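These numbers were taken from a predicted model, which means no experiment stands behind them.
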Amino acid sequence: MLRLPRTKGVLTLLTVLLAACSTGKVSEEVAHKHPVGLFSTLPIYWGEGDMAAILDGSNHSDWVRDLIEQRFDIEPLDTVEPDAIDGLDRIIMAQPRPLAPSENVALDNWLRAGGRLLIFADPLLTRHSDFALGDRRRPQDVVLLSPILTRWGLELRFDDAQPSEERLISASGNQYPVNLAGQFVATGDGKCTISEAGLFAWCSVGNGRVTLMADAAILDSEETAAISAQRQVLLATLIGDALN
């Protein structure tokens with residue numbers, strides 16, 4: 001994938017590098033920011049603007065991207081085939097498209113070799129999109145990951161009788177905003193721990209570890225949710241804990 005830097009990001013990096021030149025060393029923040037793969041149908045990295053806006057840097061910057069880039073250097077992924085994920089040891093999957101059989105195998109092998117993986121798997125996405133139903137540019141409305149979840153000893157269920165509005169669910173001592181969330185259930189011989197209400201699953205897979213959240217409302221855009229400081233802290237903590 002062609003990586004097009006945002007104007008703001010370029011100016012910030014240039015400022016840091018000029019400051020580093022004056023002191024004779026490169027900033028540790030720039031030199032040691034760890035890479036993380038981002039595989040998502042959500043407009044977290046590129047936004048939903050047209051190509052002209054992306055090229056000239058006027059495209060709106062998503063708050064989730066800004067938050068991730070405080071700690072990591074994002075590597076946007078179009079696929080999770082071996083040639084795309086080799087060299088990465090951390091990946092975030094946010095409402096991904098369905099995986100091809102070869103991608104299921106590659107991701108499972110990568111995880112078993114010691115990867116750290118965070119997945120937001122929403123059974124009924126509520127994040128606002130400018131694109132109509134059926135438009136290929138629209139985020140994946142219903143996550144379809146059953147083959148890889150089964151491999152890890154999980155099932156994602158959905159209660160269609162739940163209220164269709166944002167609410168809070170308790171998990172691991174925190175209150176997480178959700179909207180039409182799913183529920184993880186342990187199946188088979190997987191090594192998974194499930195949180196209260198099934199919102200989270202934490203699985204050991206070979207030498208790797210995957211954290212899964214059965215909802216993506218915490219990633220909602222400014223058009224859908226009020227992006228409070230508390231929401232940002234919750235997401236930052238979740239990402240940090242999952243990818244350490």
Point to revise | Minimum-distance pair of heavy atoms, taken over all atoms of W110 and L88 | key: NE1-O, 2.8 Å

Review point. What pairs of residues pass the ring pair (Phe, Tyr, Trp, His ring centres under 6.0 Å) test when at least one of them lies in residues 150-181, not counting sequence neighbours?
Key: Y176-F200

Review point. Which is it for N104 and D108 under the side-chain contact (heavy atoms from CB on, under 4.5 Å) test, yes or no, and what are the steps along the way?
Key: CA-CA 6 Å; N104 280 314; D108 184 63; over 6 Å; no

Exercise for review: Determine whether L42 and D62 make a side-chain contact, defined as any pair of heavy atoms from C-beta on separated by less than 4.5 Å.
Suggested key: no

Check your understanding: Would V185 and I194 satisfy side-chain contact (heavy atoms from CB on, under 4.5 Å), going step by step from the backbone distance to the final call?
Key -> CA-CA 7 Å; V185 176; I194 311 297; over 6 Å; no

Review point. Is a donor on one side and an acceptor on the other found under 3.5 Å between the side chain of Q183 and the backbone of D159?
Key: no

Exercise for review: Starting at CG of D220, measure out to OG1 of T126 and round the result to the nearest 0.5 Å.
Suggested key: 4.5 Å

Exercise for review: Could you tell me which residues satisfy side-chain contact (heavy atoms from CB on, under 4.5 Å) with A214, sequence neighbours excluded, listed by chain and number?
Suggested key: L156, F184

Review point. Does the E103 side chain pair with the main chain of V80, one donor and one acceptor, at a distance under 3.5 Å?
Key: yes

Check your understanding: Does the pair K191 and V205 meet the rule for a side-chain contact (heavy atoms from CB on, under 4.5 Å), with working shown?
Key -> CA-CA 7 Å; K191 298 179 180 179; V205 182; over 6 Å; no

Check your understanding: About how many Å separate CD of Q175 and CZ of R167, when rounded to the nearest 0.5 Å?
Key -> 11.5 Å

Practice item. Could you check if a side-chain atom of L145 sits within less than 4.5 angstrom of a side-chain atom of L99, using non-hydrogen atoms only? Key: yes

Review point. Taking side chain as C-beta onward, heavy atoms only, is L180 less than 4.5 Å from Q162?
Key: yes

**Study point:** Main-chain N/O of Y45 paired to R65 side chain as donor or acceptor, under 3.5 Å
**Key:** yes

Exercise for review: Just do the side-chain contact (heavy atoms from CB on, under 4.5 Å) check on L125 and V143 with the steps written out, would you?
Suggested key: CA-CA 8 Å; L125 190 70; V143 76; over 6 Å; no

Practice item. Check L238, I92, T211 against L243 for a side chain to side chain contact (heavy atoms under 4.5 Å, CB included) and give me the one that passes. Key: I92

Practice item. Provide the closest heavy-atom pair for L219 versus A94 in the form atom of the first, atom of the second, distance. Key: CD1-CB, 3.8 Å

Exercise for review: Return the minimal non-hydrogen interatomic distance between D122 and A216, and the atom names on each side.
Suggested key: OD2-N, 2.8 Å

Exercise for review: Mind listing the closest non-hydrogen atom pair of A181 and D215 along with its distance?
Suggested key: CA-OD1, 3.3 Å

Check your understanding: Rounded to the nearest 0.5 Å, how far does OG of S146 lie from CG of L154?
Key -> 11.0 Å

Review point. Any side-chain heavy atom of V142 within less than 4.5 Å of one from L124?
Key: yes

Review point. Is there side-chain contact between Q140 and P96, with heavy atoms separated by less than 4.5 Å?
Key: no

Review point. Are I218 and M213 side-chain neighbours, meaning at least one heavy-atom pair lies under 4.5 Å?
Key: yes

Exercise for review: Report yes if some heavy atom in the side chain of W202 is under 4.5 Å from a heavy atom in the side chain of D241; otherwise report no.
Suggested key: no

Exercise for review: With the side chain counted from C-beta on, respond yes when L111 and C203 share a heavy-atom pair under 4.5 Å apart, and no when they do not.
Suggested key: no

Review point. Name the one of L212, L38, L107 that satisfies side chain to side chain contact (heavy atoms under 4.5 Å, CB included) with M93?
Key: L107

Check your understanding: Would you say the side-chain atoms of T41 pair up with the backbone N or O of Q95, donor to acceptor, closer than 3.5 Å?
Key -> yes

Study note, to complete from the structure: In short, A171 meets E196 closest at the heavy-atom pair CA-OE1, 3.7 Å

Practice item. Applying side-chain contact (heavy atoms from CB on, under 4.5 Å), name anything that partners V105, two or more places apart in sequence or on another chain. Key: N109

Review point. Would you say Q230 has more than 12 foreign heavy atoms packed within less than 6.0 Å of its CD?
Key: no

